[in-house]
Amino acid sequence: QSVLTQPPSVSGAPGQRVTISCTGSSSNIGAGYDVHWYQQLPGTVPKLLMYSNRNRPSGVPDRFSGSKSGTSASLAIAGLQAEDEADYYCQSYDSSLSGWVFGGGTKVTVL
Amino acid sequence: QVQLVESGGGVVQPGRSLRLACAASGFSFNRYGMHWVRQAPGKGLEWVAGISYDGSNEYYTDSVKGRFTISRDNSKSTLYLQMNSLRVEDTAVYYCARVLLQWELLTLGADYWGQGTLVTVSS
């Protein structure tokens, strides 16, 4: 059971927009701690996709966007492409646990 | 360029010990907080431990407290994870990861990850 809750899977047709939610609590996201997102392509190392809620590292397409409100955060992928098929994880800091917490991961499938 | 290279994984019996290392290059290692994150086969990411840039602060997930020790040698640009009393449920690929910004540790994400080293705990 992950501290941050994500849907196990989301899917969409090429070109569509999909969103992935990440729900936390008052000791992590709700306490104001930033949310970060990682993309893990099949058989590869996790890659930082979004940091501090809505900031894209250099090289990440602007099709990816992030937001945060209250105890939740979201990652949106616009103009879905086949290369976006991957697992996506949200991550934050939890003050009760004094450490990082991850979501369980969301598998994005391009139909 | 930034590189993180883990080593030390392998097959070990329950109750035994293993020491992982992560050799860093391409950046000022002594300015960055570092973490170990693991991923069990077919499962999601799980944070294991983190250490501040100077080694003065260490943090652990509850399931490894008292069994694992994170440390670093800034003179060698190397991060370590000493794993004692290993359990079957510790089986995973272990990644070392660098915090996004200098001097930070807990509230930011990781921008560079090693390729991982597989630890298998089995009798």
Side-chain angles (χ1 to χ4, degrees), chain A residues 1-9 20 22 27-29 31-60 66 68 73 75 86-107, chain B residues 1-6 9 22 32-52 56-66 68 70 81 89 92-102 104-118:
Chain A
Q1 191 87 358
S2 301
V3 173
L4 304 180
T5 301
Q6 298 179 234
S9 64
I20 302 170
C22 174
S27 60
N28 41 70
I29 300 174
Y33 296 110
D34 286 343
V35 177
H36 319 288
W37 292 88
Y38 301 90
Q39 178 193 57
Q40 188 174 31
L41 297 169
T44 69
V45 171
K47 168 191 169 183
L48 183 65
L49 191 68
M50 194 76 57
Y51 67 93
S52 299
N53 310 318
R54 57 176 63 248
N55 298 286
R56 283 176 285 107
S58 174
V60 174
K68 174 190 155 186
L75 175 74
D87 293 321
Y88 293 82
Y89 297 91
C90 60
Q91 176 247 313
S92 186
Y93 169 73
D94 191 288
S95 58
S96 295
L97 299 174
S98 296
W100 282 3
V101 288
F102 283 94
T106 298
K107 183 175 182 59
Chain B
Q1 72 282 20
V2 173
Q3 276 198 310
L4 298 171
V5 180
E6 300 95 336
C22 169
Y32 286 84
M34 299 291 296
H35 292 266
W36 288 99
V37 176
R38 67 186 178 184
Q39 187 169 32
K43 302 296 184 182
L45 301 175
E46 180 188 21
W47 175 74
V48 175
I51 188 168
S52 57
S56 61
N57 292 291
E58 305 165 22
Y59 301 87
Y60 301 90
T61 193
D62 285 346
S63 64
V64 309
K65 282 179 183 174
F68 290 11
I70 188 172
L81 185 68
E89 54 265 35
V93 173
Y94 285 72
Y95 298 103
C96 63
R98 187 190 86 163
V99 177
L100 176 64
L101 291 180
Q102 297 180 50
E104 300 292 331
L105 179 63
L106 292 174
T107 61
L108 290 177
D111 60 346
Y112 284 95
W113 296 61
Q115 85 288 350
T117 187
L118 176 62

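Chain identifiers are assigned alphabetically (A, B, ...) following the order of the sequence lines, protein sequences preceding nucleic acid strands; residue numbering begins at 1 within each chain. We use all heavy atoms of the structure for the numbers below, so side chains are in, but hydrogens, waters and symmetry mates are not.
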Proximity breakdown for B/Val48 and chain A, heavy-atom pairs closer than 4.5 Å: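 Neither the backbone nor the side chain of B/Val48 comes within 4.5 Å of chain A.
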Identify which part of B/Leu45 has an atom lying under 4.5 Å from any heavy atom of chain A, answering side chain, backbone, both or neither.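 When you check distances to chain A, atoms from both the backbone and side chain of B/Leu45 fall under 4.5 Å.
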If you tally heavy-atom pairs under 4.5 Å between each of A/Val45, A/Leu97, A/Val101 and chain B, the highest tally belongs to A/Val45
Chain B/chain A interface donor-acceptor pairs under 3.5 Å:
| unit_1 | atom_1 | unit_2 | atom_2 | d |
| --- | --- | --- | --- | --- |
| B/Gln39 | OE1 | A/Gln40 | NE2 | 2.9 |
| B/Gln39 | NE2 | A/Gln40 | OE1 | 2.9 |
| B/Gln39 | NE2 | A/Tyr89 | OH | 3.4 |
| B/Leu106 | O | A/Trp100 | NE1 | 3.0 |
| B/Thr107 | O | A/His36 | NE2 | 3.0 |
| B/Gly109 | N | A/His36 | NE2 | 3.3 |
| B/Ala110 | N | A/Tyr38 | OH | 2.8 |

Please look at A/Pro57 and chain B and tell me whether the side chain, the backbone, both or neither of the residue comes under 4.5 angstrom of a heavy atom of that chain.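 Contact with chain B involves no heavy atom of A/Pro57 at all.
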